[in-house]
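One structure is given here, and the rest of the page talks about it.
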Amino acid sequence: MTFHKSSLRLASLYLGIIMFISIFFSLNVYQQAVQELERGIRPDVIFQGQIGTSGPKFQIQPQARQAWRQDASTRLHDAKDNVRNRLIFTNLVILVGAGILSYYLASRTLRPIEEAHEAQSRFTADASHELRTPIAAMQTEIEVALMNPKLTLGQSKKLLQSNLEELAKLTALTTGLLKLAQNEYGSQEMSQVDLKEVIQRAVERVQPAAKVKDVTFVTRITEQIVVQADREGIVDMFVTILDNAIKYGPEKSEVTILAAADRKNAVIQIEDKGIGMKANEAEHIFERFYRADSARSKQQGNGYGIGLSIAKQIVDAHDGTITVQSKSGKGSTFTVTLPLSA
Ligand code: ADP
């Protein structure tokens, strides 16, 4: 509604400017035309001529002169009316045409702002919803505990432990939200980054989670590949993909990491043998707060569906691409391309 009003306001402004210019020119044209007409049809001077410079002067009867004068005056009047009417008609056509065009242009101008605004509102609503869930869980637990007059030390400790878990979720979520909102990957200083080294760092960071599920990594990087990148951002991006491969993969499984370079890009593939996802789910996993088949995903871990949107933000900031190929029940392969360092 606000945007409809803004479109109308902007369209009125455009229309106002167009009509101001059109009316200004029309007045000028009218004035010019009237001057020309008056010069061509001059009732006062029409009979003051003579044939040549030396020829005889006309001698016309006063009645005829009067009639001619009246006729010339009527013709001048009609011609002025004609010009005025045509200009008014032209301005009316411009008013209607420019009105429609202005509204179309105003809507087009405001559409990206409207979309950004809608995305922002959706983001705020989704974020608030995700934040409310752990807060509500903590509140309920604390209220129930406070109503129990015979609360033991053991029960209190259990409550605190559970609260601590919810707080850890909140911390993870707020950290992710902050990263998404700041979106400053790539604006940091870029440096020459050896892919093997950053992948190694990412593997080390997910090692504790991998140990719990007995997941092993097989890395195949045959050549040295160097990209111009924000090192921390790239490590974060690989950590997200590897973390998901562990989270959504079976115990005692292998995750394969392949990296190679074509003429322009480094191509990295990370393949797991996990739960996979359906094609219609895979289309959305890079969107904020999207969790494929949420009930099933939630069983696998306590994600919020923002990890991959941050990963995409990082890849986009490097002019790279990130895609997924997946089969439900079979596993997923994430492919990342990053432009090679020049
Ligand atoms: P989350 O924190 O929920 O894992 P992500 O943004 O990292 O959020 O992932 C979005 C969703 O994509 C996940 O909820 C999950 O359903 C799906 N997903 C991501 N990686 C994998 C994977 N390797 N295998 C299967 N599903 C995956």
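The structure displayed is predicted, hence computed values, not measured ones. Only this structure's heavy atoms are used, side chains among them; waters, hydrogens and symmetry mates stay out. Just so you know, ligand 1 is whichever comes first in the structure, and atom 1 is the first atom listed for that ligand.
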Problem set entry | Any side-chain heavy-atom pair of K273 and E271 under 4.5 Å | yes

For this session: Give yes or no for whether the N/O distance cutoff of 3.5 Å, strictly under, is met between K247 and ligand 1.
Result: yes

Exercise. Measuring from L105:CG to L110:CG, what's the distance to the nearest 0.5 Å?
Worked result: 11.0 Å

Problem set entry | S332, portion touching ligand 1 at heavy-atom distance under 4.0 Å | side chain

Problem set entry | R39/E36 ion pair, N-O < 4.0 Å | yes

Problem set entry | Residues forming a salt bridge (Lys or Arg N to Asp or Glu O under 4.0 Å) with D214, sequence neighbours excluded | none

Problem set entry | For I306, atoms of ligand 1 separated by under 4.0 Å from a heavy atom | 6 (O), 8 (O)

Exercise. Salt bridge check: are D78 and R75 linked by an N-O gap of less than 4.0 Å?
Worked result: no

Exercise. Going by the atom numbers of ligand 1, which of them fall below 4.0 Å from some non-hydrogen atom of L308?
Worked result: 5 (P), 6 (O), 7 (O), 9 (O), 19 (C)

Exercise. Which pairs with one or both residues in residues 112-130 pass salt bridge (charged side-chain N to carboxylate O under 4.0 Å, His left out), sequence neighbours excluded?
Worked result: E130-R291

Exercise. Would you say Y248 and ligand 1 have an N/O pair spaced under 3.5 Å apart?
Worked result: yes

Problem set entry | Atom indices of ligand 1, in the order listed, that fall short of 4.0 Å to a heavy atom of Y290 | 10 (C), 11 (C)

For this session: Examine F289 together with H129 and report whether their ring centres are nearer than 6.0 Å.
Result: no

For this session: State whether the shortest distance between N or O atoms of D272 and N or O atoms of ligand 1 falls below 3.5 angstrom.
Result: yes

For this session: Taking only heavy atoms of F334 into account, list the atoms of ligand 1 that are under 4.0 Å away from them.
Result: 20 (N), 23 (N)

Exercise. Is ligand 1 under 4.0 Å from a heavy atom in the side chain of R291, in the backbone, in both, or in neither?
Worked result: both

Exercise. For G305, is the nearest heavy atom under 4.0 Å from an atom of ligand 1?
Worked result: yes

Exercise. Do any nitrogen or oxygen atoms of G307 lie less than 3.5 angstrom from nitrogen or oxygen atoms of ligand 1?
Worked result: yes

Exercise. Taking 4.0 angstrom as the limit, do D236 and R205 come out as a salt bridge?
Worked result: yes

